[in-house]
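Note that the numbering runs from 1 along the sequence shown for the chain.
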Amino acid sequence: MGTNPDTPPFAPTETRNPTSENPQPVTCCPGSPTVYETHDIDGPRGPPNNHGVIARVLSAALIGVEAALVRVEVDVTAGLPAFTTVGLPDSAVRESRERVRTAIRNAGFAFPSDRVTVNLAPADIRKEGASFDLPIALGILAATGAVKNGVIGPYAVVGELALDGQIQPVRGALAVGLACRRHGIGTLVVPVENAAEALAVDGLHVLAAPTLRDAVGLLNGDRAPVAVALAPPVRGARADDLDLADVRGQAHAKRALEIAAAGAHNVLLVGPPGGGKTMLARRLSVILPLLSSDEALEVSAIWSVAGLLPRHGELMARRPFRAPHHTISVSGLIGGGSPPHPGEVTLAHLGVLFLDELPEFQQHVLESLRQPLEDGRVTIARASGVGDFPARFQLVAAANPCRRGCPSLEHCLCTAAERHRYLGRISRPLLDRIDLHVELPALGPADLQSAAIGESSAVVRARVAEARERQRERFRASSTRVNAAMTPRQVRRHCQPPPEAERLLAAAMSRLGLSARGHDRVLKVALTIADLAGSEAIRPEHCAEAIQYRGLDRQWRA
């Protein structure tokens, strides 16, 4: 999470030897591995028999969905051959000693036959994964003299080593690049497969190396960097089969889906099996506005850390769509583990989280959604640390009206009490955070045989984009971008219904038992409807339409 190391990453540290006098550090460019030579009465000791030699290389550790800079300090001193790694490494980092030792030898370099100690600082941050292989190897080679005075400025290194010296791609190169930019590190050395991904960070000089020997040549100025194409630009959503025109009938549900997309509102679809709930939910992502450049970078960084980018170097062009199974655990949905890792709500950041068969999810799993739905972030505290993850997603849920999934209400074998009990698994506090409750009727033969074609996703997306532009202009002086994210103060400022609409809201609160949160969410939906209609203010018909999407509040109150 961008934690600064305790000391500047390239501050020289004096290393002394009991038999030495006047230790003199070798002068090198800022940012290059700092090598110290210790002198005694017999003159300077040169590699490979240096004693008390320390080298530093900067790298990064992934913490949640961000990266923190880490100093890889390598000490090569006289003693029995040993390779020790300290600084809170996990098993993958500890096992790197075998990969590093073999890769150095197979790359044509000599591995020191002395005691090698690797310290990953700061020591209170847990280090995970194999991305420290390359910086550790370069630190050892710097301490033994293979890497000489660097020719590049301050730099960081990430990469996994194969046994033959090849450099393998790693997760989170984009997050590491963003961390380097935050801390003023101008150059990042990465595997070739991660180079295009890292190039998405403006102002960062990226050097790609296919092998360990090439990386040493880059630092020594003996080899030219591998040419890498720029990261692909953010593209529009590619054409596919997810078109809203394919959904037969359900005009009321399509209208609700358009409102949900325009204001980033949460929506619950309730209807019999085969009514089109899943089809509608999957088509929400294609009528949402395209990701902006900043949003694409933010989402791509999360997916890069998770190792889910479509291809190395390609940014996310479409809004995420996540559809976990109803057997998912709280840790899988919200995040967890030790140290904490992001869950599905974070992977769906700035996109859609689809929960099919909502009442089938475990009760405590559903209740864990309350806080991220309200705040747009998830904070997970564990003994090993605290993780704070973004989770500004749009919830789309689907449910059958009864446990048996009967085809229609007329042919339902369940009693009214059984239907009420089944939907009652969705608690009132969670239901209160869902803005639109849409009931889908069963489709008849006329709907399926009709030759009429509805509006395409492109047409609806254009109207949604116009409504979003109105909202950006409205909230240009704040961090809010959509109506659903308005604060209570912004609701009072921008949602001022006329007297007739206020009477409708008062009646709805009395008959439906709306809470204060439900009252505000009705106003937010009404403002989105006004934006779609091109109206500057909320009108009574906008409030009336927003109120009709609170049908489950009436059933819950019954």
Side-chain angles (χ1 to χ4, degrees), residues 5-40 44-61 69-90 93-105 107 109-127 131-150 154-159 161 212 215-216 219:
D6 296 336
T7 61
F10 305 108
T13 300
E14 184 176 302
T15 304
R16 294 184 180 272
N17 186 283
T19 62
S20 304
E21 297 179 359
N22 302 323
Q24 300 177 1
V26 174
T27 303
C28 60
C29 295
S32 61
T34 306
V35 182
Y36 296 87
E37 291 183 358
T38 309
H39 296 260
D40 60 12
R45 299 191 187 101
N49 295 318
N50 285 354
H51 296 274
V53 179
I54 294 179
R56 286 191 181 92
V57 178
L58 196 64
S59 188
L69 297 184
V70 171
R71 295 192 313 274
V72 179
E73 302 175 339
V74 179
D75 174 68
V76 179
T77 187
L80 293 176
F83 194 145
T84 305
T85 304
V86 297
L88 210 59
D90 72 344
V93 179
R94 287 193 297 269
E95 290 173 354
S96 67
R97 60 180 179 267
E98 304 301 332
R99 294 191 296 271
V100 168
R101 179 186 289 112
T102 306
I104 287 177
R105 290 172 176 168
F109 300 102
F111 189 85
S113 58
D114 297 323
R115 181 177 181 83
V116 178
T117 302
V118 177
N119 178 44
L120 306 177
D124 60 343
I125 297 178
R126 186 168 183 83
K127 289 79 178 180
S131 62
F132 292 98
D133 290 1
L134 183 57
I136 290 174
L138 292 177
I140 293 174
L141 293 175
T144 57
V147 176
K148 301 178 177 60
N149 296 350
Y155 65 87
V157 182
V158 291
L161 286 176
L212 177 58
V216 173
L219 301 185

Between V74 and T117, is the side chain to side chain contact (heavy atoms under 4.5 Å, CB included) condition met? List the steps.
CA-CA 6 Å; V74 179; T117 302; over 6 Å; no
As a quick check of understanding, evaluate side chain to side chain contact (heavy atoms under 4.5 Å, CB included) for N119 and D75, giving each step before the final call.
CA-CA 8 Å; N119 178 44; D75 174 68; over 6 Å; no
CD1 (I54) and CD (E73) are apart, to the nearest 0.5 Å, by 7.0 Å
Can you tell me how far CZ of F111 sits from CD1 of I104, rounded to the nearest 0.5 angstrom?
5.5 Å
Flag side-chain contact, heavy atom, 4.5 Å: L219 against Y155:
yes
Residues P112 and I140: closest non-hydrogen pair is CD-CG2, 3.7 Å
Search all heavy atoms of R71 against all heavy atoms of L58 and return the closest pair with its distance.
CG-CD1, 4.1 Å
Compare every heavy atom of A143 with every heavy atom of A55, then report the nearest pair and how far apart it is.
CB-N, 3.9 Å
Are any side-chain N or O atoms of T102 and backbone N or O atoms of R99, one a donor and one an acceptor, separated by less than 3.5 Å?
no
Can you confirm whether V216 sits close enough to L138 that some side-chain heavy atom of one is under 4.5 Å from a side-chain heavy atom of the other?
yes
Value rounded to 0.5 Å, distance of CG in D90 from CD in E95
8.5 Å
Any donor-acceptor N/O pair, S59 side chain to V158 backbone, under 3.5 Å
no
Show your working on side chain to side chain contact (heavy atoms under 4.5 Å, CB included) between T84 and V116 and close with a plain yes or no.
CA-CA 6 Å; T84 305; V116 178; over 6 Å; no
Considering residues at least two apart in sequence or located in another chain, which fulfil the salt bridge (charged side-chain N to carboxylate O under 4.0 Å, His left out) criterion with E98?
R101
Nearest-0.5 Å distance, CG of residue L161 to CG of residue L134
5.5 Å
What are the two closest heavy atoms between V72 and F132, and how far apart are they?
CG2-CD2, 4.2 Å
Distance-only, no hydrogens or angles: does the K127 side chain make a donor-acceptor pair with backbone N or O of G87 under 3.5 Å?
yes
Once rounded to the nearest 0.5 Å, what's the spacing between atom CD1 of I136 and atom CG of L120?
5.5 Å
Is a side-chain donor or acceptor of D114 paired with a backbone partner of A78 at a separation under 3.5 angstrom?
no
Can you measure from CG (L212) to CZ (F109) and round to the nearest 0.5 angstrom?
5.5 Å
Got more than 12 heavy atoms from elsewhere within 6.0 Å of CZ, R94?
yes
Can you name the residues that form a salt bridge (charged side-chain N to carboxylate O under 4.0 Å, His left out) with R97, not counting sequence neighbours?
none
